[in-house]
Amino acid sequence: MALEIKTNSVRQRQQTFSNVARRLGSDKPASRYEEATYDLQPDVNFHYRPTWDPAHEIFDKTRTSIIMADWYDLKDPRQFYYGTYTIQRSRMMEAVEKNFAFAEKRGLLSTYDPEWQAMVCFYLLPLRHLEWGANMNACNMVDQGYGAAITQSAMFATMDRLGIAQIISRIGLAMGGASTLDQAKDYWVSAPEWQPIRQLVEDSFVVEDWFEQFVAQFLSLDGLLYPLVYGHFDAIGLERGAGALSMVTEFMVDWQEEISKWADTVLKRAAAESDTNRTFLAQWYGEWTERVQTALLPLAEKVLGPTAKDILASLRESLDKRAMRLGIQIEAEIAA
Amino acid sequence: MNTPNPNERLRKLSLKERYAHLTRGLDWQPTYQDKKKIFPFTDYEGIKIHDWDAFEDPFRLTMDSYWKYQAEKERKLYAVIDSFAQNNGQMNISDARYINALKIFITAVSPLEYAAHRGFAHVGRHFEGVGPRIACQFQAIDELRHAQTQIHTISHFNKFFDGLHDPLHMYNRVWYLSVPKSFFEDAITAGPFEFLTAVSFSFEYVLTSLLFVPFMSGAAYNGDMATVTFGFSAQSDESRHMTLGLEIIKFMLQQDEGNVPIVQKWIDKWFWRGYRLLSIIAMMMDYMLPKKIMSWKEAWEMYFEQGGGALFNDLSRYGIRLPKYHEVAKAEKDHYSHQAWSTFYQYSHASAFHTWTPSEEEMTWFAEKYPASFNQLYRPRYDYWAKAEADGKRFYNNGLPQLCQVCQIPTFFTEPTDPTRISTRTKIYNGERFYFCSDGCHDIFEDEPEKYLQSWLPVHQILQGNCGGTTVPEVLDWYHLNQGADNFDYLGSPDEALWENWQSARKRVIAS
Ligand SMILES: [Fe+2]
Ligand SMILES: [Fe+2]
Ligand SMILES: [Zn+2]
């Protein structure tokens, strides 16, 4: 009898919310990602202009030159909403904790080749400031961006960058306590090798177009920096007995792979939308990547020596290829 | 490195120091770009901060523990939501009238969670101090959580009941939903310090229990275990948000004496804005919960007059007094919920939730809880409407109400000194006359007229033809209001029919 109630009287009258059904084309079961994302951001009938930006509405498509017929086309291939995001990150963090515990118990982060330790302090620890800068840029996308699809992913990235900055800080604390972090901050603020990078980060804070900021941060800067630091620098570390360091930075390697899927999907879709979008994306990508490549060179030379230039050039080549796959071609290549 | 035993030194770091290294230590003084250009919104409200480092981090949370704790909570919450759906938990609620509280919630509250998410992202990027910036970022992602978990919880109810199907579309259009929408947009469009005073302090710290208790205890009393679960799951987030609210107020007050009058003005404004917004909750609490928790009046006394009184006592050492017009709220507590419900009763044909005349049992409860007002003023009204309904003439008001220019509620509240006279205030500005529900709203307008003359007032918009047409059905279509299902009285509604059907099926099962 209980079963009969279920089949006879407990029939569902709707499968999903009407706004989701309109987007799916009919009323059918929707995913949690879809229900948590579509149309979440108000788009019309705003009451007041922001006192801090009277030229725009509260949420305003014209804060970027990118034009999308539907901003909800910029979906997240990971289908992250808050629940799936936090669960995924807590899993990744569990692995980090295990690796930290392993390395710290044996003092592995402070017992390898002292010369290389000093180098790690120089190249890795200042990145916690760079990540903090990336945190601000991602947060700015949440503030200025349009549509819950891209802004929620940017929110997750905001917290990711804070998390990464904290992992790097913990590495510094494990290497030599608080003074090591102070030393690294000195490098960030005054070592000549770091200044072009810091300048680039500070310049990225004041970029007016949030989509340009997205390209600058997640494609140009991350696209060269991550493989350089966590790939090439790390490879030398392995030769010099710093294997434990690779373990505690694994999060960043995995994360970069994952976040690139998001950035690539979004950029590819935005580029596919129109020639105008493609032109803007190519221009931003070209300018920022050029700057990043130049800014990274002194640091790369310090760590890698004379091969740095070639290594950066090859990283640049693969990044250009990646961009091209997304439909972003820098002008020089178009001309050539 | 020349450190023989770093672990030795590590141990010496206190938790507080360690936290500082993992947060404030990340920041640096920019030299390639002007700080004013990076943080352009710090000064324009007139708040003076001399030492950002004096801000006490309200909760020492790092991302590793945030991910861990929040993931644990999400796993539990979604397990409950899933089992609620599998077991047809919607059948175990007290009565289908209760669902109307959820209709208010998903259309009027969940969108505010989203708005809070974006508002905190704005300040989370732009606050000059690292401490408040990080605290705001945590809150920004928390508020996204609240919006999404609420949608996921109520998604199941939407599969059966009306009025829940298009909350985001409705939020941006339906006349009474401009009350919560304008409230939050008012806060978001303000500067960063006013935003925190409005949301973190006035709303989350001072008035939060008046939102939480009606909905979450209401859900518990009425058998809605899914809503109870997301409510309690959000509680630990909320306690962080409340701490931020108190901390930011104290921080502003301690930093400069010149901040005190500015903060007081904001507290006055946002107390009144928040209190007016709560009129919808007052009505929901007294009328939509088949099993009652406490009356609005009791809640107001407990959570504002007593709880708030103690708080403002504490703040008096900074030169802060109770918010202006708190005595009006006190005088209105005998009438607030009844006047709101009576108004919505008349406009049920244009609302995405049902109303009804209260039962005799409920009216006895009201008489007991509201001895100074209910039998005298409101029972006769319900008796009259109930009789009209019995005669087949259920009363609907086909006129369009006058809306308050600030809170956007129809001007139905009465004079604090005379509950038989409607309170209206007017003001001529730039040759145009503006209407208000109260001195509180009038004063808010007077302080920033250029802001409030921008208000998207639903009635004006209808009259100007911006809402789908000139007739009521056209406007309701534009709202996506499913006419004949989402609107009108509960009696005769598809919700009622469905519920009665479940009840009789259940009786048959028990009998067999
Ligand atoms: Fe919330
Ligand atoms: Fe909150
Ligand atoms: Zn008003």
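Proteins come first, then strands; the chains are lettered A, B, ... in the order of their sequence lines, and each starts at number 1. All values below were derived from every heavy atom in this structure, side-chain atoms included, with hydrogens, water molecules and symmetry-related copies excluded.
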Measure distances from [X] to the heavy atoms of chain A and classify the residue's part below 4.5 Å as side chain, backbone, both or neither.
X         : result
Phe161(B) : backbone
Pro167(B) : side chain
Gln90(B)  : side chain
Phe39(B)  : side chain
His122(B) : both
Ser178(B) : both
Asn482(B) : neither
Glu17(B)  : neither
Asn466(B) : neither
Ser110(B) : neither

Which bit of [X] comes within less than 4.5 Å of chain B, counting heavy atoms only: side chain, backbone, both or neither?
X         : value
Gln41(A)  : both
Gln195(A) : both
Gln15(A)  : backbone
Trp188(A) : side chain
Phe59(A)  : side chain
Met93(A)  : side chain
Thr84(A)  : neither
Asp27(A)  : neither
Leu181(A) : side chain
Val120(A) : neither

Quiz item: Once you round to the nearest 0.5 Å, how far does CD1 of Ile154(B) lie from CG of Asn158(B)?
Solution: 9.5 Å
Quiz item: What's the spacing between Leu61(B) CG and Leu22(B) CG if we round to 0.5 Å?
Solution: 11.5 Å
Quiz item: Is there a donor-acceptor pair closer than 3.5 Å between any side-chain N or O of Glu131(A) and the backbone N or O of Ile164(A)?
Solution: no
Self-check item: Donor-acceptor contact present, side-chain Tyr33(A) to main-chain Asp76(A), <3.5 Å
Solution: yes
Self-check item: Heavy-atom pair count under 4.5 Å with chain B, highest-scoring of Trp132(A), Tyr48(A), Phe17(A)
Solution: Tyr48(A)
Exercise. Among Asp39(A), Leu40(A), Asp53(A), single out the residue with the greatest number of heavy-atom pairs under 4.5 Å to chain B.
Key: Leu40(A)
Self-check item: Candidate list Leu164(B), Asp486(B), Ile106(B), test side-chain contact (heavy atoms from CB on, under 4.5 Å), partner Met170(B), passing option
Solution: Asp486(B)
Most contacts with chain A, counted as non-hydrogen pairs under 4.5 angstrom, among [options]:
options                                    : answer
Lys68(B), Gln137(B), Gln70(B)              : Gln137(B)
Arg118(B), Gln148(B), His165(B)            : Arg118(B)
Gln454(B), Lys181(B), Lys159(B)            : Lys159(B)
Phe120(B), Tyr171(B), Tyr44(B)             : Tyr44(B)
Gln461(B), His126(B), Glu450(B), Glu448(B) : His126(B)
His156(B), Arg75(B), Arg145(B), Lys73(B)   : Arg145(B)

Quiz item: So Tyr81(A) and His152(B), would you call those rings parallel, tilted or perpendicular, with 30° and 60° as cut-offs?
Solution: perpendicular
Quiz prompt | Parallel, tilted or perpendicular: ring planes of Trp456(B) versus His47(A), cut at 30 and 60 degrees | solution = perpendicular
Validation row, ring centre [X] to ring centre [Y] under 6.0 Å:
X         : Y         : answer
Phe127(B) : Phe193(B) : yes
Trp502(B) : Phe160(B) : yes
Trp67(B)  : Phe251(A) : yes

Practice problem: Can you see which heavy atom on Ala244(A) is nearest to which on Ala103(A), and at what distance? | Solution: CB-CB, 4.1 Å
Quiz item: What's the shortest heavy-atom distance between Leu245(A) and Leu124(A), and which atoms?
Solution: CD1-CD2, 4.0 Å
Self-check item: Qualifying residues under side-chain contact (heavy atoms from CB on, under 4.5 Å), relative to Asp60(A), sequence neighbours excluded
Solution: His56(A), Glu57(A), Thr62(A), Arg63(A)
Quiz prompt | Donor-acceptor side-chain pairing of Gln166(A) and Asp64(B) below 3.5 angstrom | solution = no
Exercise. Begin with the C-alpha distance, continue with both residues' side-chain angles, and end with the deciding distance and a verdict on side chain to side chain contact (heavy atoms under 4.5 Å, CB included) for Val44(A) and Arg173(B).
Key: CA-CA 8 Å; Val44(A) 288; Arg173(B) 290 166 185 82; 3.6 Å; yes
